[in-house]
Amino acid sequence: MSEYQYYEFQALDKPLTALEQTYISSFSSRVQLTSRSAIFIYSFGDFRGEPKELLDKCFDIMLYMANWGTRQLVFRLPKSLVNPSIFQPYCLADQISVTTTSNSVILDINIDDEEYRDWIEGEGWLTKLAQIRDDILQGDLRALYLAWLKATLILIDEESEDFLEPPVPAMLKKLPAHLETFIEFFDIDQDLIASAAELSVSQKSEVEPLEDWIYALSLQEKNEFLLKVVQGDPNVRLHLLNRLRELFKSPENASSVNIHRRTFSELVKISQQQAQRRHEQELLAAQQIKKRKLEALALKEESVWLEVYRLIELKQAKQYEQAVAYLVDLRDLAEYQDKLDEFKVCIQKIQKDYSSRSGLLSRLKKAGLFKL
């Protein structure tokens, strides 16, 4: 299998300047560059610079994929908007990390998994995941908790140490589309998520009285925010929202910090029970569907047998396929009605009457109808 590496960077807060675009172009003559993004694809060789340095200088979010089993999502966050200490409970060595630069906090989710070695194209993922950055800037850490689940599942296979879960964010039971994409991208176990979500609190959506809050803001602060708007501060909206919520909104329990914190092995045990329940429900549903299908077939059994013989008489491959498909359904019906011996007699008659039809007989054999 040939090598495949995919790097994509996006500038969310502001477009790239001409100088920044010239700098980015210096890394590769084949870069796919716009005023908001840069894509580098390699089937041999590698990125000539340090990806996270380029992210910090020019962009806000980066996605990396390699077909030897690596998937990475990195965020550049303004220091003025986040306290990096809130990310620490979710960090795991070499997989989820947080670092700081002069003006930024770099949050890096970097997962290596053998299951990622299947070929998958990188195009299109980052645009669907970009909203997660805004979530994080507003204190929504669901993506980090989901990443912790995936990273810990890999580590638990390599180490004997158990892990204590970080604070469980609210609203894990109801995830928006961009977090469902995040789960798909990192291939996070759905049963594990369901088990983790059992302790995730729900929050009612509410309309924040922003107009009233802004009216109550001091004149000095209003002027400071207006000045940031005029100066083109790309984060002024989030600065203002955070300040208004800090001043006027009652603190909420956004994560389940005061409840029992489970070990990862407990979560795995719950997820296994969840998977068993789901399997039993799916099996029951399949049985009910099959029962309804067989009961409907029983009402027209005679006409189906006539159709089988009509199709066989046409002596054509496509018609043989359809006839055998009907016979498989009729076998299932006979089994359901406890009339399998009668069905065997019919099959033996077909085998005898059409013994020269090698195409038909081979299809009957392949369908297992001679092994009754």
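By convention here, the first residue in the shown sequence is residue 1. Computation of the quantities below employed the complete heavy-atom set of this structure, encompassing side-chain atoms and omitting hydrogens, waters and symmetry-equivalent molecules.
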Test salt bridge (Lys or Arg N to Asp or Glu O under 4.0 Å) applied to R133 and D13, step by step:
CA-CA 11 Å; R133 180 177 183 267; D13 289 344; 3.0 Å; yes
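- Residue D191 forms a side chain to side chain donor-acceptor pair (under 3.5 Å) with just one option from Q272, Q273, Q274, R278, and that option is R278.
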May I have the step-by-step check of side-chain hydrogen bond (donor to acceptor under 3.5 Å, both in side chains) for E266 and S195, ending in yes or no? CA-CA 9 Å; E266 287 179 274; S195 68; over 6 Å; no
For R243 and E246, run salt bridge (Lys or Arg N to Asp or Glu O under 4.0 Å): C-alpha distance rounded to whole Å, both residues' side-chain angles, the deciding distance at 0.1 Å, then the answer.
CA-CA 5 Å; R243 179 58 176 159; E246 178 187 356; 3.5 Å; yes
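- For K315 and Y354, the positive end is not near the middle of the six-membered ring at less than 6.0 Å and at most 45° from its axis.
- Checked options K300, K293, K290; the residue passing with D329 is K293 (criterion: salt bridge (Lys or Arg N to Asp or Glu O under 4.0 Å)).
- Checked against the 6.0 Å centroid threshold, F264 and F163 do not count as a close aromatic pair.
- Ion pairing between D233 and K14 fails under the 4.0 Å rule for side-chain N and carboxylate O.
- Using modelled atom types, one finds no donor on one side chain facing an acceptor on the other under 3.5 Å when comparing Q10 with D60.
- A salt bridge does not link R310 to E313: none of the charged nitrogens lies less than 4.0 Å from a carboxylate oxygen.
- In this structure, the side chains of I106 and D56 come closer than 4.5 Å at one or more pairs of heavy atoms.
- Ion pair R71/D112 not flagged as a salt bridge, since none of the NZ, NE, NH1 or NH2 atoms sits closer than 4.0 Å to an Asp/Glu carboxylate oxygen.
- With rounding to the nearest 0.5 angstrom, the CG atom of N223 is 12.5 Å from the NZ atom of K228.
- Contact check on E198 versus K173 returns no salt bridge, with no Lys/Arg side-chain nitrogen under 4.0 Å from an Asp/Glu carboxylate oxygen.
- Between atom CG of residue L129 and atom CD of residue E184 there is a gap of 9.5 Å, rounded to the nearest 0.5 Å.
- Taking 4.0 Å as the cut-off between side-chain N and carboxylate O, R262 and E165 count as a salt-bridged pair.
- In this structure, Y7 and Y42 have perpendicular ring planes: the angle between them is above 60°, well past the 30° mark.
- Between E280 and R277 there is no salt bridge, since none of the side-chain N atoms of the basic residue sits less than 4.0 Å from a carboxylate O of the acidic one.
- The aromatic rings of F248 and W213 lie parallel to each other, their planes meeting at an angle below 30°, with 60° marking the opposite boundary.
- Looking at Q5 and Y64, their side chains do bring a donor and an acceptor atom within 3.5 Å of each other.
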